[in-house]
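Position 1 is the first residue of the sequence, and the numbers go up from there.
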Amino acid sequence: ADRGGRVLCGGVYHRDDRAVIPAREGENNVYKLIVFDLDGTLAALGKGILPEDLALLRRLEETGARIAICSGKPTYYLCGMMRQVGLRAPVLVGENGAVIQLGVDLPPKDYFVAPCSDAAKRSIRLLRDALEQDVPGMWYQPNEVGLTPFPRNEAEFAAVQRVIDALAPQLQDVVIYRHCDSFDITPEGVTKKSGLARLGALLGIAAEETVAVGDGVNDYPMFEYAGLSVGVNVHDESKVNVNVASAGEALSFLLKNLEK
């Protein structure tokens, strides 16, 4: 996700009455799936989840909700990280919704890859070939579907942007996100929203029974999907029902409402 953010000084922003989680008669809460972005949300960029937040995350699972991580990172990366968390039944959604894995076993037992068009595949190959020629030595995240180059400095960021701009008339069926450390080039229609919709269908959990927690522009699609959206320093507060300043505040907010 986009790692920038406005500090809210520990405050909580509520957009509408869905920020107070309602309960159905005979149920503790209506939310069965809680989905977190990783970088900038559950953890600082490139860092682990804080011990105190891990404890809150485990308590959140004990409310009966299914916990998922939805990130631009590939599922094998998420798998290694989530093995240390100690959740009973985590779900991993990688590459901005392109890949879904149930559990943290490798090789995975339940694994789903979103289809994409031939035009999208050609566009991604075209960009990769051009970038390898113009920006030699740059590292690429080992994705299954999309393309994620990591420029090493501002000059390389500018070079990648020039390649994208130059090839723009030839690119079809792809969407490009620019982050503070990388670019995500994903097939059109493959978003965190589409990933959560597919996950919901697999688990039998509706959109209105889903909570999405994130921090940046590539989280906006899952905010649109979810019955409740919680931002962590989200720039555009109109995109979320609740906006808080840290992962700990997001987890505490959810626990306050779900542990009833």
Side-chain angles (χ1 to χ4, degrees), residues 1-5 35 37-41 45-46 69-78 92-101 111-199 201 212 214-225 234-236 239:
D2 183 297
R3 259 65 76 173
V35 185
D37 171 56
L38 180 58
D39 288 324
T41 300
L45 177 61
I69 305 298
C70 187
S71 171
K73 296 288 193 294
T75 53
Y76 83 88
Y77 176 97
L78 301 176
L92 312 177
V93 183
E95 297 184 41
N96 291 305
V99 182
I100 297 172
Q101 176 177 332
Y111 192 73
F112 309 90
V113 179
C116 64
S117 69
D118 289 340
K121 294 175 183 177
R122 285 193 298 270
S123 296
I124 289 169
R125 284 197 299 269
L126 179 65
L127 277 168
R128 178 70 183 255
D129 291 344
L131 289 171
E132 287 183 343
Q133 180 175 343
D134 285 21
V135 194
M138 184 170 56
W139 186 76
Y140 297 83
Q141 182 172 283
N143 294 340
E144 291 199 48
V145 177
L147 180 67
T148 306
F150 278 75
R152 291 165 289 192
N153 49 52
E154 289 302 319
E156 288 193 352
F157 261 102
V160 171
Q161 190 64 60
R162 284 195 299 272
V163 169
I164 291 170
D165 293 343
L167 292 177
Q170 302 176 59
L171 300 180
Q172 295 180 295
D173 292 0
V174 292
V175 176
I176 300 171
Y177 298 101
R178 179 169 175 162
H179 306 299
C180 67
D181 60 343
S182 63
F183 290 80
D184 275 326
I185 298 97
T186 64
E188 190 170 18
V190 176
T191 66
K192 291 190 176 186
K193 180 178 181 178
S194 69
L196 294 197
R198 187 171 189 183
L199 176 59
D215 75 308
V217 293
N218 62 334
D219 296 319
Y220 291 177
M222 71 175 184
F223 293 156
E224 295 173 8
Y225 174 83
V234 166
H235 285 296
D236 185 352
K239 300 293 185 182

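- Judged as a salt bridge (charged side-chain N to carboxylate O under 4.0 Å, His left out), not a single pair has a partner in residues 111-124 (not counting sequence neighbours).
- The closest side-chain heavy-atom distance from D39 to K73 is below 4.5 Å.
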Distance-only donor-acceptor pairs under 3.5 Å for side chains of residues 145-153, two or more places apart:
from : atom 1 : to   : atom 2 : distance (Å)
T148 : OG1    : N143 : ND2    : 2.9
T148 : OG1    : D184 : OD1    : 2.8
R152 : NE     : E156 : OE1    : 3.1
R152 : NE     : E156 : OE2    : 3.0
R152 : NH1    : G137 : O      : 3.2
R152 : NH2    : P136 : O      : 2.8
R152 : NH2    : E156 : OE2    : 2.5
N153 : OD1    : A155 : N      : 3.2
N153 : OD1    : E156 : N      : 2.8

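- The minimum heavy-atom distance between Q141 and W139, with the atom names listed, is CA-CH2, 3.6 Å.
- Residues in residues 125-135 take part in these salt bridge (charged side-chain N to carboxylate O under 4.0 Å, His left out) pairs, two or more places apart or across chains: R128-E132.
- The OG atom of S71 lies 5.5 Å from the NZ atom of K192; values are rounded to the nearest 0.5 Å.
- Within the 4.5 Å cutoff, the side chain of L45 has heavy atoms near those of the C180 side chain.
- Q170 pairs by the side chain to side chain contact (heavy atoms under 4.5 Å, CB included) definition with L126, L167, not counting sequence neighbours.
- The two residues V93 and T75 have their closest heavy-atom pair at C-CG2, 4.4 Å.
- Using modelled atom types and a 3.5 Å distance limit, the side chains of N96 and T186 yield no donor-acceptor pair.
- Between atom CG of residue L199 and atom SG of residue C70 there is a gap of 8.5 Å, rounded to the nearest 0.5 Å.
- Take F183 and apply the ring pair (Phe, Tyr, Trp, His ring centres under 6.0 Å) test, not counting sequence neighbours, and it matches F157.
- Contact detail for V190 and A114: the closest heavy-atom pair is CG2-CB, 4.3 Å.
- For the pair L131 and Y140, the tightest heavy-atom approach, listed with the atom from each and the gap, is CB-OH, 3.2 Å.
- A salt bridge does not link D219 with K239: none of the charged nitrogens is closer than 4.0 Å to a carboxylate oxygen.
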Legend entry - M138/V160 under side-chain contact (heavy atoms from CB on, under 4.5 Å): CA gap, chis, key distance, verdict: CA-CA 10 Å; M138 184 170 56; V160 171; 3.8 Å; yes

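- In this structure, N218 and H179 have side chains that are in contact, with non-hydrogen atoms separated by less than 4.5 Å.
- Atoms CG and CZ, from D37 and F223 in turn, are 8.0 Å apart once rounded to the nearest 0.5 Å.
- Distance check, rounded to the nearest 0.5 Å: CD of E188 to CD1 of I176 gives 11.0 Å.
- S123 meets the side chain to side chain contact (heavy atoms under 4.5 Å, CB included) test with L171, Q172, V174; sequence neighbours excluded.
- When every heavy atom of G94 is checked against every heavy atom of L78, the shortest pair comes out as CA-CD1, 4.2 Å.
- Minimum heavy-atom separation, P74 to P142: CB-O, 4.2 Å.
- For the pair Y225 and T191, the minimum side-chain heavy-atom distance is 4.5 Å or more.
- Checked against side chain to side chain donor-acceptor pair (under 3.5 Å), D165 has the following partners two or more places apart in sequence or in another chain: Q161.
- Remark: R162 engages no residue in a salt bridge (Lys or Arg N to Asp or Glu O under 4.0 Å) (not counting sequence neighbours).
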